[in-house]
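Just below is one structure, and these are the notes that go with it.
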Amino acid sequence: MILNPEDLQQDADRLEEIEKASLRMVTQAIYDYRNEAAEIFKIEIDLAADIGEDITREALDKLGMSRIDQRLFGKIDYKRARYVFHPEYSIKQALFVDSKAEKIEGQRTATLQTSQTSMKIEQIRSGKSVSVEGKLPKILELKEQKFITTTIFVKYNYAEDDEEKKLENVIIAALPNGFLQEKYNPSPTDNIWLAGRNAPSRGEEFRVRLSFEKLKSKANWRVQKIHLLPPSFDWED
């Protein structure tokens with residue numbers, strides 16, 4: 001059975017099941033590639049953000065996944081139209097995986113733009129309620145095909161000494177689809193966000209920071225952490 005993505009609006013459990021399976025796949029790809037990632041961070045002289053983007057793409061390409069011949073667009077590093085297969089169903093998915101890289105002090109959050117989420121961002125900033133619509137559609141329609149959108153962030157956290165970067169850990173987080181708004185961000189005071197690093201006074205584009213701690217408090221499985229040492233990894237449910 002091929003699911004109609006529109007049906008997921010009324011089936012939150014299945015939608016989360018799809019996002020969980022997608023997070024497992026991305027986490028496995030990064031875990032399998034972790035040693036290469038550490039070596040690349042150590043020897044590359046490019047900007048950390050560019051290194052992270054390359055690693056994510058190489059890790060996912062190495063693992064492989066199903067493909068649908070449809071080009072995706074957007075300000076996200078890795079984009080793939082694909083099928084998600086489950087024993088009881090399949091569904092067409094627009095998978096977006098964005099890479100972030102930051103010094104270890106910033107490992108608690110990931111900064112994102114409105115173009116990278118289908119959720120409405122509701123939070124309190126400077127004592128005032130803010131409500132900003134995400135620009136990524138909950139369902140992407142291309143050439144008469146409908147794809148459920150799924151966004152995953154891969155955050156590379158590193159230390160730097162004598163201009164050498166040492167990868168300390170990688171955090172992989174599944175951002176909820178906008179159909180799950182009521183669970184993850186029902187109000188400005190109940191959310192998964194921190195204020196973004198943008199200055200409205202200077203006309204900078206709105207940004208928000210995804211708080212890994214807040215997201216985990218809503219659903220522990222949505223944030224996975226891979227340590228470079230020790231080499232073992234346990235999935236957190």
Assess the residue pair Q145 and K92 against the criterion (side-chain hydrogen bond (donor to acceptor under 3.5 Å, both in side chains)); give the C-alpha distance rounded to whole Å, side-chain angles, the decisive distance to 0.1 Å, and a yes or no. CA-CA 8 Å; Q145 296 186 80; K92 293 177 181 178; 2.8 Å; yes
Please report, to 0.1 Å, the donor-acceptor pairs under 3.5 Å made by any side chain of residues 146-153, with sequence neighbours excluded.
from: K146; atom 1: NZ; to: E6; atom 2: OE2; distance (Å): 2.6
from: T149; atom 1: OG1; to: P137; atom 2: O; distance (Å): 2.8
from: T149; atom 1: OG1; to: K138; atom 2: O; distance (Å): 3.0
from: T149; atom 1: OG1; to: N177; atom 2: ND2; distance (Å): 3.3
from: T150; atom 1: OG1; to: Q93; atom 2: NE2; distance (Å): 2.9

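- Look at D69 and R67 and you find no salt bridge, because none of the NZ, NE, NH1 or NH2 atoms lies under 4.0 Å from a carboxylate O.
- No donor-acceptor pair closer than 3.5 Å links the side chain of E160 to the backbone N or O of E164.
- Of the possible polar contacts, none joining the N157 side chain to the K103 backbone as a donor-acceptor pair under 3.5 Å is found.
- R34 places a side-chain N or O within donor-acceptor distance of the main-chain N or O of Y31, the cut-off being under 3.5 Å.
- In this view, F96 satisfies the ring-ring contact (aromatic ring centres under 6.0 Å, His included) rule with no residue, not counting sequence neighbours.
- With hydrogens and angles disregarded, a donor-acceptor distance shorter than 3.5 Å links the side chain of R209 to the backbone of A195.
- With hydrogens and angles left out, the side-chain atoms of E122 and N191 include no donor and acceptor closer than 3.5 Å.
- A donor-acceptor contact shorter than 3.5 Å links the side chain of D98 to the backbone of D77.
- When all heavy atoms of S211 and T109 are compared, the pair lying nearest together is CA-CG2, 4.4 Å.
- Side-chain atoms of T27 do not come within 3.5 Å of backbone N or O of R24 as any donor-acceptor pair.
- Summarising the geometry of A110 relative to F212, their closest heavy-atom pair is CB-CZ, 3.7 Å, with the distance given to 0.1 Å.
- Of the possible polar contacts, none joining the K79 side chain to the A94 backbone as a donor-acceptor pair under 3.5 Å is found.
- Side-chain atoms of S66 come within 3.5 Å of backbone atoms of Y83 as a donor-acceptor pair (strictly under, hydrogens ignored).
- At a threshold of 4.0 Å, the pair K225-E236 does not count as salt-bridged, since none of the basic side-chain nitrogens sits closer than that to a carboxylate oxygen.
- The 12-atom threshold is not exceeded at CD1 of I45, counting heavy atoms of other residues, nucleotides or ligands nearer than 6.0 Å.
- Other members of a hydrophobic cluster containing I124 are absent, since no ILVMFWY side chain comes under 4.5 Å of it, directly or through relayed contacts.
- For E213, the CD atom counts as loosely surrounded, since its 6.0 Å shell holds 12 or fewer non-hydrogen atoms of other residues, nucleotides or ligands.
- Cluster membership for I76 and L175, using ILVMFWY side-chain heavy atoms within less than 4.5 angstrom, is not shared.
- Side-chain atoms of Q116 come within 3.5 Å of backbone atoms of Q113 as a donor-acceptor pair (strictly under, hydrogens ignored).
- Without hydrogens or angle criteria, H86 side chain to E88 main chain gives a donor-acceptor distance under 3.5 Å.
- In summary, D190 and K218 engage in a salt bridge, as defined by a charged side-chain N under 4.0 Å from a carboxylate O.
- By the 4.0 Å N-to-carboxylate-O rule, K183 lies close enough to E16 to be salt-bridged with it.
- With E102 as the fixed residue, the salt bridge (Lys or Arg N to Asp or Glu O under 4.0 Å) test singles out one of K155, R108, K165: K155.
- Applying the side chain to side chain donor-acceptor pair (under 3.5 Å) definition to pairs two or more places apart or across chains, none involves residues 126-136.
- Looking at residues two or more places apart in sequence or on another chain, you find a salt bridge (Lys or Arg N to Asp or Glu O under 4.0 Å) between R57 and E53, D54.
- Partners of D32 by side-chain hydrogen bond (donor to acceptor under 3.5 Å, both in side chains), not counting sequence neighbours, listed by chain and number: Q28.
- Contact between P176 and I192 at its shortest, heavy atoms only, is CD-CD1, 4.2 Å.
- When hydrophobic clusters are built by joining Ile, Leu, Val, Met, Phe, Trp and Tyr residues whose side-chain heavy atoms come closer than 4.5 Å, directly or via intermediates, L215 is grouped together with V132.
- Remark: the R14 side chain and the Y89 side chain contain no N/O donor-acceptor pair separated by less than 3.5 Å.
- Remark: the Y156 side chain and the T56 side chain contain an N/O donor-acceptor pair separated by less than 3.5 Å.
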Stepwise side chain to side chain contact (heavy atoms under 4.5 Å, CB included) test for M65 and L60: CA-CA 8 Å; M65 67 180 75; L60 289 170; 4.2 Å; yes
